[in-house]
Novice: 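First the structure, then my questions, so here it is.
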There are 2 protein chains.
Amino acid sequence: MARARELCAARKQRLTPRRRQVLEILLSSHQPLGAYDILAAINRDGEEVAPTIVYRALEFLLQAGLIHRIESRNAFVSCSDPENCAAAQFLICQDCERVAELAGDAAGLLAGAQDLGFSVDRSVIEITGRCAQCQQHGR
Amino acid sequence: MARARELCAARKQRLTPRRRQVLEILLSSHQPLGAYDILAAINRDGEEVAPTIVYRALEFLLQAGLIHRIESRNAFVSCSDPENCAAAQFLICQDCERVAELAGDAAGLLAGAQDLGFSVDRSVIEITGRCAQCQQHGR
DNA sequence: ATTTGGCCGTTATAATATAGCGTCATGTCG
DNA sequence: CGACATGACGCTATATTATAACGGCCAAAT
Ligand SMILES: [Zn+2]
Ligand SMILES: [Zn+2]
Ligand SMILES: [Zn+2]
Ligand SMILES: [Zn+2]
């Protein structure tokens, strides 16, 4: 969170209270949250806010690189290292729902794309399965 | 399509008219289609069908490995080689919307996951950018 | 002939996401 | 300071994507 502030300050982007609130909610969750989960978390605090507000905050946080969208779940998760994050990969456990973010080089993949003359803009790499812990516990 | 029939026959799965129709629509599109695009294509032929029917056909085709879901677009595309398809990767052009399916080994990726004791079930690899053609044409 | 299981169709509703508009705060420049 | 420009916010409404629940039909198996 402190990091996030610094990053935004450095780039002259405004990390407003609303955006901070949404980021905070994501940071304190160890699972990806849907937009409406975040909405519910806000409204649990007595506010009565509409979806559009959450989506706007999410849009900002996404473009600022502070969070990621998990496409295969329509959910959002905070970035574990916003300062050095590019082409991240995600390991998503289908039992405990936790998500691990791997610093992705994905070199092989992107090279393959380039060989075909394809110019890469954004990569979505999401691997679903069971984490080590859940396998041990036989869940 | 002939392939699809054979595959289903071999596995004693029923490629019913409705499922064939949906597959046909996807096969003859060179872009991924949303469920409601497919619905519209069906209804354009004079029928008046509900979404649930399309989703059911899609579910079957997915589990049969005849089509893929493009998570980052909420859309569906026919598999280019159902007989030997595992861990496919997709190159999605943001200009022409075409999707290329690469026979994915993704070895590096999955190895990385395994190193962490993660047991892989399904991988989503979707790369967005511009295809060679669209770069040339300056689109 | 009867049962069984899968597929289909219908209605309704849930879950996810965006559009459009007016207001307010913040910062800029004369 | 005052006028203006910009962007963030909040509201209402609506679009888009997806599923639930129930009953009928039909083909294959017994
Ligand atoms: Zn990250
Ligand atoms: Zn787990
Ligand atoms: Zn395939
Ligand atoms: Zn293209």
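Just so it is clear: chains get the letters A, B, ... in the order the sequence lines come, proteins before strands, and each one is counted from 1.
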Novice: Determine which pairs satisfy side-chain hydrogen bond (donor to acceptor under 3.5 Å, both in side chains) with at least one residue from residues 50-61 of chain A, sequence neighbours left out, and list them in order.
Specialist: none
Novice: Considering only nitrogen or oxygen atoms on both sides, find all protein atoms under 3.5 Å from nucleotides 28-30 of chain D and state each distance.
Specialist:
none

Novice: Do A:V99 and A:E101 have side chains that get closer than 4.5 Å, going by heavy atoms?
Specialist: no
Novice: Mind listing the closest non-hydrogen atom pair of B:E71 and A:S72 along with its distance?
Specialist: OE1-CA, 3.6 Å
Novice: Is a side-chain donor or acceptor of B:Q135 paired with a backbone partner of B:R130 at a separation under 3.5 angstrom?
Specialist: yes
Novice: Looking at side-chain heavy atoms only, is the closest gap between A:C85 and A:H68 below 4.5 Å?
Specialist: yes
Novice: Go through the steps for A:L26 and A:L58 under the test side-chain contact (heavy atoms from CB on, under 4.5 Å), then give the verdict.
Specialist: CA-CA 10 Å; A:L26 283 174; A:L58 289 171; 4.1 Å; yes
Novice: Go through residues 7-22 of chain A and report each residue with a non-hydrogen atom lying under 4.0 Å from DNA chain C, sorted by number.
Specialist: A:R14
Novice: Without swapping roles, check the side chain of B:Q31 against the backbone of B:C96 for a donor-acceptor pair under 3.5 Å.
Specialist: yes
Novice: Is the backbone of A:L15 close enough, under 3.5 Å, to the side chain of A:R20 for a donor and an acceptor to pair up by distance?
Specialist: yes
Novice: A:L102 versus A:I127: any side-chain heavy-atom pair under 4.5 Å?
Specialist: no
Novice: Could you tell me if the side chain of A:I42 sits less than 4.5 Å from the side chain of A:V22, heavy atoms only?
Specialist: yes
Novice: Step by step, would you call B:R73 with B:E126 a salt bridge (Lys or Arg N to Asp or Glu O under 4.0 Å)?
Specialist: CA-CA 10 Å; B:R73 304 229 154 191; B:E126 298 174 7; over 6 Å; no
Novice: Are the side chains of B:N43 and B:V49 in touch, meaning some heavy atoms are under 4.5 Å apart?
Specialist: yes
Novice: With side chains defined as the heavy atoms from C-beta onward, is the minimum distance between B:M1 and B:L27 less than 4.5 Å?
Specialist: yes
Novice: Write down the protein N/O and nucleotide N/O pairs, taken from nucleotides 24-26 of chain D, whose separation is under 3.5 Å; answer none if there are no such pairs.
Specialist:
none

Novice: Tell me, which of residues 62-76 of chain B have any heavy atom that sits under 4.0 Å from an atom in DNA chain D?
Specialist: B:R69, B:N74
Novice: With a 4.5 Å cut-off on side-chain heavy atoms, are A:Q13 and A:F60 touching?
Specialist: yes
Novice: Which ones in residues 31-61 of chain B lie close to DNA chain C, meaning a heavy atom under 4.0 Å from one of its atoms?
Specialist: B:E48, B:A50, B:T52, B:I53, B:R56
Novice: Quick one: are A:R5 and A:L23 in side-chain contact, heavy atoms under 4.5 Å?
Specialist: no
